[in-house]
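Start at 1 and go down the list; that is how both ligands and their atoms are numbered. Treat the numbers as computed from the prediction; the structure is a model and nothing was measured.
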Amino acid sequence: MTTPMLQLTGLKKSYAGKRALRGVDLEVRDNEIFALLGPTGAGKSSTLLASAGLIDLDEGKVHLGGDDVTDIEPSGRDVSIVFEGFNLLPVLDVYDNIAFALRSPAYREPEDEISKRVKRTAELLQIDHLLDRDVDTLSGGEKQRVAIARTLVRRPRMFLLDEPLSALDLKLREGLRAELRQIHREHRSTMLYATHDYHGAIAIADRIGIINEGRILQAGTIEEIYARPANAFVGRLIGSPSMAFFNASIEEGQVAVCGFLQRFPLSDFAFSGNKDGKVLLGVWPEDIAMVDEGATQSNPGRIYAVDNRGYESAVQVETDAGSFRKVLEDKLHYRQGETCAFSIAEGAAFLFDPESGDLISRGHGGEE
Ligand code: ADP
Ligand code: MG
């Protein structure tokens, strides 16, 4: 194994007695874009601030390129961070805002080199026509581009991007995401990118880490996470729509779901131990097929909502054991309130512990 660019070990942080990080372990490899995905309050910003040295940790170690930087000042870490919202200097024009870090005592680049880099970065972010403008005359989207340009103009060991696009509308977001990837390709830079947006994370990242309540639940490529979601929480955060969950119980060698005609023999699961009792059955919506009512081995449901998305539609299906959402091809038409039937692909279900949410076992259907 090569040395990771960023290695976080056992990070713990409380704010006034409230625990924000409860032992964060994470590795970001050289030249990768790693997305830190989690809901608001999960600890994403704290993780990035700790990596940059901008908060004091209660416990844990930060290594950059193999060096222990836990006790090194932010200025000595050679990382560049974009905060949520804009961190622009209002008295300067766009050019000087972008050039600012390159003129700092730590860098002090020659002005012709600064000029080249500012112009190139401004072109990539499509703000080269704005270089003479005062920042307070810019729109929100333009300001965010300038804020990103300020960070990306540098060549630090790595970039820390804290929800850099979340304040922007969808179209701007998609455009800027592509530009970030382009900058990443050109400079082979390493990025840790915090977001609460699943689509944003999979669009930009090589690998993803799922964070909740100050802990990393799982890290890997999206394919690895799909093949083996470590916790029900991961299933709820990943996918489009996210994983379907049904309350189930293990009885007499099989998994039974209340109201389902389908039974799931325990021999279908890579199962060790003899757990009896309640479990949570998780299925990716892609492994659920809508079938004719009355079909053998099908399960009854009711269409709770239909959501037309133009060329496709999504249904929300309710059952006695849980509900799920699924995207349908356009030829299937369902109406709100009507009954329906569905079946789950053989070997596709996962079992989770209903208390901790931890994965107990997966079906044999996957490619493991
Ligand atoms: P995220 O970026 O994922 O939303 P944060 O790292 O900002 O998460 O916050 C994690 C937890 O720590 C949250 O509960 C948040 O309210 C709390 N928190 C963050 N910063 C502070 C602070 N400066 N003072 C008090 N509590 C904070
Ligand atoms: Mg945050």
Run through all N or O atoms in ligand 1 and write down each protein N or O closer than 3.5 Å, as a pair with its distance.
{"from": "ligand 1", "atom 1": "2 (O)", "to": "Ser45", "atom 2": "N", "distance (Å)": "2.8"}
{"from": "ligand 1", "atom 1": "2 (O)", "to": "Ser45", "atom 2": "OG", "distance (Å)": "2.8"}
{"from": "ligand 1", "atom 1": "3 (O)", "to": "Ala42", "atom 2": "N", "distance (Å)": "3.2"}
{"from": "ligand 1", "atom 1": "3 (O)", "to": "Gly43", "atom 2": "N", "distance (Å)": "3.0"}
{"from": "ligand 1", "atom 1": "3 (O)", "to": "Lys44", "atom 2": "N", "distance (Å)": "2.9"}
{"from": "ligand 1", "atom 1": "3 (O)", "to": "Lys44", "atom 2": "NZ", "distance (Å)": "2.8"}
{"from": "ligand 1", "atom 1": "4 (O)", "to": "Gly41", "atom 2": "N", "distance (Å)": "2.7"}
{"from": "ligand 1", "atom 1": "6 (O)", "to": "Ser46", "atom 2": "N", "distance (Å)": "2.8"}
{"from": "ligand 1", "atom 1": "6 (O)", "to": "Ser46", "atom 2": "OG", "distance (Å)": "2.6"}
{"from": "ligand 1", "atom 1": "8 (O)", "to": "Gly43", "atom 2": "N", "distance (Å)": "3.1"}
{"from": "ligand 1", "atom 1": "14 (O)", "to": "Lys18", "atom 2": "NZ", "distance (Å)": "2.6"}

Kindly indicate whether the side chain of Arg145, heavy atoms from C-beta on, has any atom under 4.5 Å from the side chain of Leu176.
-> yes

Confirm or rule out an N/O/S atom of Ser45, from backbone or side chain, lying less than 2.8 Å from the Mg ion (ligand 2).
-> yes

Just jot down the salt bridge (charged side-chain N to carboxylate O under 4.0 Å, His left out) partners of Glu142, sequence neighbours excluded, or say none.
-> none

Between Tyr226 and Thr221, a side-chain donor and acceptor under 3.5 Å | no

Partners passing salt bridge (charged side-chain N to carboxylate O under 4.0 Å, His left out) against Glu224 (at least two apart in sequence or in another chain) = none

So, Asp162 versus Ser45: side-chain donor-acceptor pair below 3.5 Å or not?
-> yes

Tell me which donor-acceptor pairs under 3.5 Å the side chains of residues 128-135 have, and how far apart each pair is, sequence neighbours excluded?
{"from": "Arg133", "atom 1": "NE", "to": "Thr137", "atom 2": "OG1", "distance (Å)": "3.0"}
{"from": "Arg133", "atom 1": "NH2", "to": "Thr137", "atom 2": "O", "distance (Å)": "3.1"}

